[in-house]
Amino acid sequence: MSSHRRPIGSKAKFKRKVVFPKNRSGGMATPENNPARDGDGDGEQEQEQAQEQQAYWSAAEQVPAMHLKLPLLIDGHVTETSRKQLGVAQMIMKEVSQTPLPLLERATHVDFLLGPLHNGLSSRYTGLDASRPWIFYWCINALTLLGEDVGRYNERAISSLKPLQHKDGGFGGGNGQSQHMAAVYAVVLTLAITAHHAARDLPEAERMDVYARSFSWINRARLLQWIRRTKLPNGGFKVNEGGEEDVRAGYCALVTLALLGYDEDELKGDPAQGEKPLLDGVLEYFKRCQTWEGGIAAKENSEAHGGYAFCVLAGLCLLGEPREMLSKYLDLDRFISWLSARQYAPEGGFSGRTNKLVDGCYSTWVGGCWALVEAAANGIESAGSPVKMHVGSMWSRKALIRYILTCCQGPRGGLRDKPGIYPDFYHSNYVLIGLSAAQHYYYYDDDEDDDEYGGASSAAEGARSPFRHAFRWKASRNVPKPSDPRDGRAGGWEEGLVPSEEDRVGMQHPLFNIPLGAEAQLESWWRLFKGAQ
Ligand SMILES: [Zn+2]
């Protein structure tokens, strides 16, 4: 480092950069004791200074204190990482303490997301040619979160995605490309979302036609065989034959199998062919990916990471009731400790790993984990077995909302990692899903009769779905505050999460990351379709 530059973490820099007002007892100027009033400068300047002080003061009044000061503990061991962290915290502190809180710029984000659907993509996107289904999914899902009807893209989704099915059953990311689990996942989600919107408000028969057009052409038998070939002896999955192993592949495989209506009979395999049940060992595999930090890694003996943590939590909940699954297959206390450390102050957003910077996309990967952890802590919530004690929010929803609204909105539309970084379709989707997670309360409801899905009433006659638990999630606009620990009395609702209804985004399914309700429609269509075969 050149000698004239002061290390960013030094005390002197810290003092010079912090320009926000201290609290009233700290002697900060207030409108009442404004030092500008004592001066003999010209009136206009005094007025301007008074207005500035007023603005600072009202910011301090309205903005929670956590956003107005740097952390009390700063790593004394200066490294590139600690310098970057302090620099980002200082930069974001200015943005995040804005008052009033900016509105969600819905219309400009919609324009940004409609761009690739209406105008195509520029040559800058050539490198993303293997991510065609992803771009489709990111834009489509983000549009639904912003309240747009994407049913009009259903036919285009079908005609664009159909040619991506490989003759061996999987899907590639582009025409003629090799198969990849992530591409398969994005194809299935895109079809599920567009069919859901295209079918709503239609009479029953026409609704079923939309689903038939969207899904009946998928070669499920070949796809299942291909997924079988990605299965590993350790219980996990690879992203493709010869590809890397990680929990993302396991999560994408489970979501695909759940949304394409595979039942236990289909998944158990044919012992005569040497096949084992496809899901054997996957839960224990997920369990082994929890690290010494308490977080969850891509595979065994790797570094804990928010994205992989979401894949494992959602993967566990796809196969069972959240409380049972998370307590049986995770050291939940250690996981909560690691997850809590992902939310930073003054930023309010989440980092994905220890010693990493906040990034808007972790609003989904980490924020989405909280919905599942809270559901596990609260237990099953239904009329038949009401929750005895709500734990309340185990994270700061308001801080994340503030980070998203002040730091993640690109000035010309689209959402982003952090200020200074261009928005993109990926971040637009995952920042908005995170906003939805902060605005809504998700719970697991087992009120439905176990037999209703995949049981006696099933078209598959007795073939239960191993994913039946995944279809029992509900959401509420009311986020419960903690119950009173002395008598278990309800604590009411958390207020101020949606300061203006303009800011409210749609509800998502907390495991599939598609609009809530899209999964149920698809599931009922598979029942009819399989029953008719
Ligand atoms: Zn990101």
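All values below were derived from every heavy atom in this structure, side-chain atoms included, with hydrogens, water molecules and symmetry-related copies excluded. If you're wondering where the values come from, they're calculated on a predicted model, not measured in any experiment. As the structure lists them, so they are numbered: ligands from 1, and atoms in each ligand from 1.
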Undergrad: Mind checking side chain to side chain contact (heavy atoms under 4.5 Å, CB included) for Met66 and listing every partner two or more places apart, or none if nothing turns up?
TA: Pro64, Ala345, Ala399
Undergrad: Closer than 2.8 Å to the Zn ion (ligand 1): how many protein N, O or S atoms are there?
TA: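 For the Zn ion (ligand 1), protein nitrogen, oxygen or sulfur atoms under 2.8 Å: 4.
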Undergrad: Validate the cation-pi geometry between Arg342 and Trp338: distance from NZ or CZ to the six-membered ring centre under 6.0 Å, angle to the ring axis within 45°.
TA: yes
Undergrad: Is it true that Arg477 and Glu501 have a side-chain N and a carboxylate O under 4.0 angstrom from each other?
TA: yes
Undergrad: Using 4.0 Å as the upper bound for N to carboxylate O, is an ion pair formed by Glu80 and Lys84?
TA: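 Glu80 and Lys84: salt-bridged.
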Undergrad: Flag the pair Phe512 / Phe467 as yes when their ring centroid distance falls below 6.0 Å, and as no otherwise.
TA: no
Undergrad: Under the 3.5 angstrom rule, does the side chain of Asn378 hit a backbone N or O of Glu374 as a donor-acceptor pair?
TA: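 Here the side-chain-to-backbone pair exists.
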